[in-house]
Amino acid sequence: MGTPLFVKVCGLRTERDVDTAVEAGADAIGFVFAESPRRIDAGTARRLAARVPDGVLTVGVFRDQPLDSVRALLGETGMRAVQLHGHEDLAYFDALRPDGRTLIRGVAVRGEVPRYGERGEDVLLLDAPVPGAGEAWDRSGKQLPAPGRRWLLAGGLDPHNVADAVRAARPWGVDVSSGIETSRGVKSPELITAFIAAARGAETVS
Ligand SMILES: O=C(O)c1ccccc1N[C@@H]1O[C@H](COP(=O)(O)O)[C@@H](O)[C@H]1O
């Protein structure tokens, strides 16, 4: 058996959805602070994050926001990881590194796939050109990160396609938002559970 697939579910906004994700075995739960229909305020994030057990990563998602406000929100909400999904440069990543949080670099893949580690990130997240839009990106002919690299596949995944996507791309993990929603920003407990089960199911196929 290989390394277990890392499963992140993103854009959760209610206690019910957080509890469902934890019970279903999510490895990470994303809370969006970037401009988005899924955006939540600091108080809500702090309350939701307090329900997440230690073994599950809480991830604050940001996009091209001032470093000071990102730092303040991370501290206030107790997030254990930060996902930077915009044009944040190496200096921006370097400034956050001493805080000791897991650094996730979200990249909208348009042309070539960026190499793992260019910002010193712990995890590289490869996403569609419009983050959180539920669109897949064209992976054909693309040089994906080497096996063993910590990278997440995202963009248009759902309970029906995640297993095939994992078998084809062989990522270290997966991330989903739209594919576990009934309408934009509204998560479905059934879809959260189905997604995590389907992703885990893909691990058993060699
Ligand atoms: O979800 C959002 O609204 C969002 C906003 C800003 C940056 C990232 C965002 N989400 C990320 O988008 C992918 C999943 O997208 P989808 O499954 O195709 O809807 C994932 O990395 C989220 O963290």
Side-chain angles (χ1 to χ4, degrees), residues 5-14 17-18 21 26-41 44-45 48-49 52 56-66 69-70 73-74 77 79-88 92 101-110 113-114 116 119 121-139 144-145 150-166 169 171-188 191-196 198-199:
L5 190 76
F6 187 93
V7 182
K8 172 173 174 276
V9 292
C10 198
L12 274 57
R13 301 192 301 152
T14 69
D17 295 339
V18 167
D27 295 298
I29 298 177
F31 300 100
V32 178
F33 300 110
E35 201 54 56
S36 164
R38 300 161 184 128
R39 183 178 194 158
I40 54 174
D41 61 28
T44 305
L48 295 178
V52 179
V56 179
L57 211 54
T58 48
V59 183
V61 179
F62 299 87
R63 191 178 188 195
D64 294 327
Q65 290 159 256
S69 69
V70 169
L73 266 167
L74 289 170
T77 58
M79 294 289 133
R80 300 175 191 131
V82 54
Q83 176 177 326
L84 302 173
H85 221 98
H87 300 88
E88 295 85 0
Y92 195 111
R101 293 187 176 86
T102 301
L103 295 177
I104 303 174
R105 178 189 176 203
V107 181
V109 181
R110 293 192 174 82
V113 174
Y116 172 90
R119 302 281 187 279
E121 67 271 17
D122 300 297
V123 178
L124 176 65
L125 192 167
L126 301 179
D127 195 7
V130 184
E135 291 163 5
W137 49 282
D138 184 8
R139 299 189 294 274
L144 296 173
R150 299 201 337 157
W151 74 279
L152 299 176
L153 177 65
L157 297 177
D158 63 35
H160 303 292
N161 66 18
V162 65
D164 282 347
V166 166
W172 174 77
V174 291
D175 188 11
V176 64
S177 191
S178 305
I180 50 173
E181 293 178 344
T182 48
S183 61
R184 207 151 173 70
V186 180
K187 261 42 185 189
S188 152
L191 291 175
I192 292 171
T193 303
F195 181 86
I196 295 170

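Along the sequence shown, residues are numbered consecutively beginning with 1. Order of appearance sets the numbers: ligands from 1, and atoms from 1 within every ligand. Worth saying up front: this structure is predicted, and the values here are computed from it rather than measured.
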May I ask you to list the atoms of ligand 1 that are less than 4.0 angstrom from any heavy atom of [X]?
X: Gln83; result: 21 (O), 23 (O)
X: Ala154; result: 21 (O)
X: Asp175; result: 20 (C), 21 (O), 22 (C), 23 (O)
X: Val176; result: 17 (O)
X: Ala133; result: 19 (O)
X: Leu125; result: 21 (O)
X: Lys8; result: 23 (O)
X: Ser178; result: 16 (P), 17 (O), 19 (O)

Give a yes or no on whether a salt bridge exists between Glu181 and Arg38, defined as a side-chain N under 4.0 angstrom from a carboxylate O. yes
Can you tell me which residue and heavy atom of the protein come closest to [atom], and the distance to 0.1 Å?
atom: atom 12 (O) of ligand 1; value: Gly132 N, 3.0 Å
atom: atom 13 (C) of ligand 1; value: Asp127 OD2, 3.3 Å
atom: atom 17 (O) of ligand 1; value: Ser177 N, 2.9 Å
atom: atom 3 (O) of ligand 1; value: Ser36 OG, 2.6 Å
atom: atom 2 (C) of ligand 1; value: Arg38 NH1, 3.2 Å

So, the side chain of [X] versus the backbone of [Y]: is there a donor-acceptor pair under 3.5 Å, distance only?
X: Glu121; Y: Arg119; result: yes
X: Asp175; Y: Leu126; result: no
X: Trp172; Y: Leu124; result: no
X: Asp27; Y: Lys8; result: no
X: Asp122; Y: Leu103; result: yes
X: Thr77; Y: Leu73; result: yes
X: Thr58; Y: Met79; result: no

With only distance considered, is [X] within less than 3.5 Å of ligand 1 through an N or O on each side?
X: Pro37; value: no
X: Glu35; value: no
X: Val32; value: no
X: His85; value: no

What do we get for Leu152 next to ligand 1 when only non-hydrogen atoms under 4.0 Å count, side chain, backbone, both or neither? neither
Are Val82 and Phe33 close enough, and set up right, to give a side chain to side chain contact (heavy atoms under 4.5 Å, CB included), and what steps lead you there? CA-CA 10 Å; Val82 54; Phe33 300 110; over 6 Å; no
Check whether any side-chain heavy atom of [X] sits under 4.5 Å from a side-chain heavy atom of [Y], and report yes or no.
X: Ile196; Y: Val9; result: yes
X: Asp158; Y: Val176; result: no
X: Val107; Y: Arg105; result: yes

Out of curiosity, is Gly156 lining ligand 1, as in a heavy atom under 4.0 Å away? yes
Closest candidate by heavy atom, reference atom 16 (P) of ligand 1, pool Ala108, Gly134, Gly185: Gly134
Nearest heavy atom to atom 4 (C) of ligand 1: which of Ala34, Ala128, Gly11, Pro131 does it belong to? Pro131
We want to know whether Lys187 and Ser177 form a side-chain donor-acceptor pair, criterion being a heavy-atom distance below 3.5 angstrom. yes
